[in-house]
Engineer: 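Before anything else, here's the structure in question.
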Amino acid sequence: MDIKKPFYHHTNRINIPSWLFASRVYNTSAQEIHISGVNEYYGDIFRAISECGDISESCRIFESAMTELFNLDLRHRGKRVGSYLRLLKGWLFDSNNIEGAVLKGWVESRFGLVPFFHKEIIKDINCKEYYDYMVEKMNGRHNKNMMFHQLDLLYTYIQTMLGGYFGEYTPHVTLYRGVNNLEEHRIIERKSKREVCIEQNSLVSFTASREVAESFGDYILEVKVPYTKVFFFATAMPTVSFCGEDEFIILGGRYDTTIRYY
């Protein structure tokens, strides 16, 4: 992929520098991450979630809290209020749509990871493609109702669920992604024919099922993802019906990757 060196913001809302969060070193260490202010303001919610001892009940507590905090059951002038669930559904339909831009914008704001692809290659933060992405990120139809705060809580919920109920996914979970053309990916280093380091976009979908990945391409990318880079997976929210149970949405950066062949 013909792009310049990725740009990471010098500021973010987490407890380590953005360049370190994106690095291969971080991916092997899986240092705990917190978005500033979330646990301080909403700690009671996440304590209740971690202490109830049941996945379905934890999900109910979270969804009830989100509905109460952001009036998600209300309509204003016949239009639905902005909802994190609508963004997730839009991403799963097409990660390069407006909902995808809003989600990538949240990743950029909180973790300092700038996307290098949204509909087109984004070569740097001064190019037209980055401007077009920014316009979509700020779309008033989807980026409203304190949307970034909703996503902060969703990320923290997923992290709480991983720590309390999904020990098999910590500290790392093995995930797969099927692709047809390796040259479309930003390969940072080639260790061998099958072992490479790939810089993944700021937000990207993988699957926990190799069989599912095989249906999307001839090459299978296998990575070990630190649990702190898991933004969403459906089994943590059993009420979500629009996402396959093996799909994971993960935060980007440089991943040591094994290339397998279908």
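Scope of the values below: all heavy atoms of this structure, side chains included, with no hydrogens, waters or symmetry mates.
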Engineer: Can you see whether Asp246 engages Thr207 through a side-chain donor-acceptor pair at a distance of less than 3.5 angstrom?
Structural biologist: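 There is no such pair between these side chains.
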Engineer: Side-chain heavy atoms nearer than 4.5 Å, only ILVMFWY residues, links allowed to pass through others: does that put Tyr84 and Phe93 together?
Structural biologist: no
Engineer: Is it the case that the side chains of Gln150 and Ser83 hold a donor-acceptor pair, with the cut-off being a distance below 3.5 Å and no angle test?
Structural biologist: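 Note: Ser83 and Gln150 side chains miss the donor-acceptor criterion.
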Engineer: Testing the basics here: between Phe148 and Ser109, what is the closest heavy-atom pair and its distance to 0.1 Å?
Structural biologist: CE2-CB, 3.8 Å
Engineer: Without hydrogens or angle criteria, can the side chains of Thr257 and Glu222 be said to hold a donor-acceptor pair below 3.5 Å?
Structural biologist: no
Engineer: Between Lys229 and Asn27, do the side chains contain a donor N or O and an acceptor N or O under 3.5 Å apart?
Structural biologist: yes
Engineer: Between the side chain of Thr160 and the main-chain N/O of Thr156, is any donor-acceptor distance below 3.5 Å?
Structural biologist: yes
Engineer: How far does CZ of Arg60 sit from CD1 of Ile55, to the nearest 0.5 angstrom?
Structural biologist: 15.0 Å
Engineer: Which value, rounded to the nearest 0.5 Å, describes the distance between Ser209 atom OG and Phe248 atom CZ?
Structural biologist: 11.0 Å
Engineer: Under 3.5 Å, is there a donor on one side chain and an acceptor on the other for Tyr165 and Ser58?
Structural biologist: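 Indeed, the side chains of Tyr165 and Ser58 share at least one donor-acceptor pair under 3.5 Å.
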Engineer: Compare every heavy atom of Leu203 with every heavy atom of Leu103, then report the nearest pair and how far apart it is.
Structural biologist: CB-CD2, 3.7 Å
Engineer: Could you walk me through whether Glu99 and Lys89 pass the salt bridge (Lys or Arg N to Asp or Glu O under 4.0 Å) test, one step at a time?
Structural biologist: CA-CA 8 Å; Glu99 294 92 336; Lys89 190 173 184 178; over 6 Å; no
Engineer: Which of these, Glu57, Met161, Met237, sits in a side chain to side chain contact (heavy atoms under 4.5 Å, CB included) with Phe62?
Structural biologist: Met237
Engineer: Given side chains that start at C-beta, do those of Tyr157 and Ile45 come closer than 4.5 Å, heavy atoms only?
Structural biologist: no
Engineer: Is the Tyr227-Tyr169 ring centre distance short of 6.0 angstrom?
Structural biologist: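 They do not qualify: ring centres at least 6.0 Å apart.
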Engineer: Ring centres under 6.0 Å, that's the criterion: do Tyr261 and Tyr219 meet it?
Structural biologist: yes
Engineer: Quick check for you: to the nearest 0.5 Å, what is the distance between Ile98 atom CD1 and Trp91 atom CH2?
Structural biologist: 14.5 Å
Engineer: How far does CG of Leu175 sit from CZ of Arg177, to the nearest 0.5 angstrom?
Structural biologist: 11.5 Å
Engineer: Show the numbers, then the answer: is there a side-chain hydrogen bond (donor to acceptor under 3.5 Å, both in side chains) between Glu32 and His34?
Structural biologist: CA-CA 7 Å; Glu32 191 172 358; His34 299 286; 3.2 Å; yes
Engineer: Under a 3.5 Å cutoff, is there a donor and acceptor pairing between the side chains of Ser202 and Lys104?
Structural biologist: no
Engineer: Does the side chain of Asp152 come under 3.5 Å of the side chain of Trp106 through a donor N or O and an acceptor N or O?
Structural biologist: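 On atom types as modelled, these side chains qualify, holding a pair under 3.5 Å.
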Engineer: Hey, is Glu136 close enough to Lys119 for a salt bridge, meaning N to O under 4.0 Å?
Structural biologist: yes
Engineer: Please step through side-chain hydrogen bond (donor to acceptor under 3.5 Å, both in side chains) for the pair Gln31 and Thr228, ending with a clear verdict.
Structural biologist: CA-CA 8 Å; Gln31 177 182 337; Thr228 51; over 6 Å; no
Engineer: Are His9 and Phe7 close enough that their ring centers fall under 6.0 Å?
Structural biologist: yes
Engineer: Under the ring-ring contact (aromatic ring centres under 6.0 Å, His included) test against Tyr155, which residue among Phe111, Phe231, Phe232 passes?
Structural biologist: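 Of the listed options, the one satisfying the test is Phe111.
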Engineer: Are Glu108 and Tyr133 close enough that a side-chain donor and a side-chain acceptor fall under 3.5 Å?
Structural biologist: yes
Engineer: Would you name the heavy atoms of Tyr26 and Ile33 that are closest together and state the gap between them?
Structural biologist: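 Nearest pair, atom of Tyr26 first, then Ile33: OH-CG1, 3.2 Å.
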Engineer: Which distance, rounded to the nearest 0.5 Å, do you find between the CD of Glu247 and the CG of Leu88?
Structural biologist: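 Output value for this atom pair is 10.0 Å.
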Engineer: Is it the case that the side chain of Asn145 and the backbone of Phe70 share a donor-acceptor pair, with hydrogens and angles ignored and the cut-off at 3.5 Å?
Structural biologist: yes
Engineer: Roughly how far, to the nearest 0.5 Å, is the CG atom of Asn139 from the NZ atom of Lys144?
Structural biologist: 9.0 Å
Engineer: Quick one: closest heavy-atom pair of Gly82 and Leu72, and the distance?
Structural biologist: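 Nearest pair, atom of Gly82 first, then Leu72: O-CD2, 3.5 Å.
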Engineer: Using the rule given for salt bridge (Lys or Arg N to Asp or Glu O under 4.0 Å), can you reason through Lys128 versus Glu120, listing the C-alpha separation, both sets of side-chain angles and the distance that settles it, and then say yes or no?
Structural biologist: CA-CA 10 Å; Lys128 178 183 181 297; Glu120 300 178 85; 5.6 Å; no
Engineer: Quick one, Thr239 with Glu63, criterion side-chain contact (heavy atoms from CB on, under 4.5 Å). Give me CA distance, side-chain angles, the key distance, then yes/no.
Structural biologist: CA-CA 9 Å; Thr239 57; Glu63 291 182 331; 2.5 Å; yes
Engineer: Should Asp256 and Lys191 count as an ion pair when the cut-off is N to O under 4.0 Å?
Structural biologist: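 Yes, charged N to carboxylate O under 4.0 Å.
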Engineer: List the atom of Leu153, the atom of Met66, and the distance in Å for their closest heavy-atom pair.
Structural biologist: CD1-SD, 3.6 Å
Engineer: Might you point out which heavy atoms bring Asn12 and Gly112 nearest each other, and give the distance in Å?
Structural biologist: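 Taking every non-hydrogen atom into account, CB-N, 3.9 Å.
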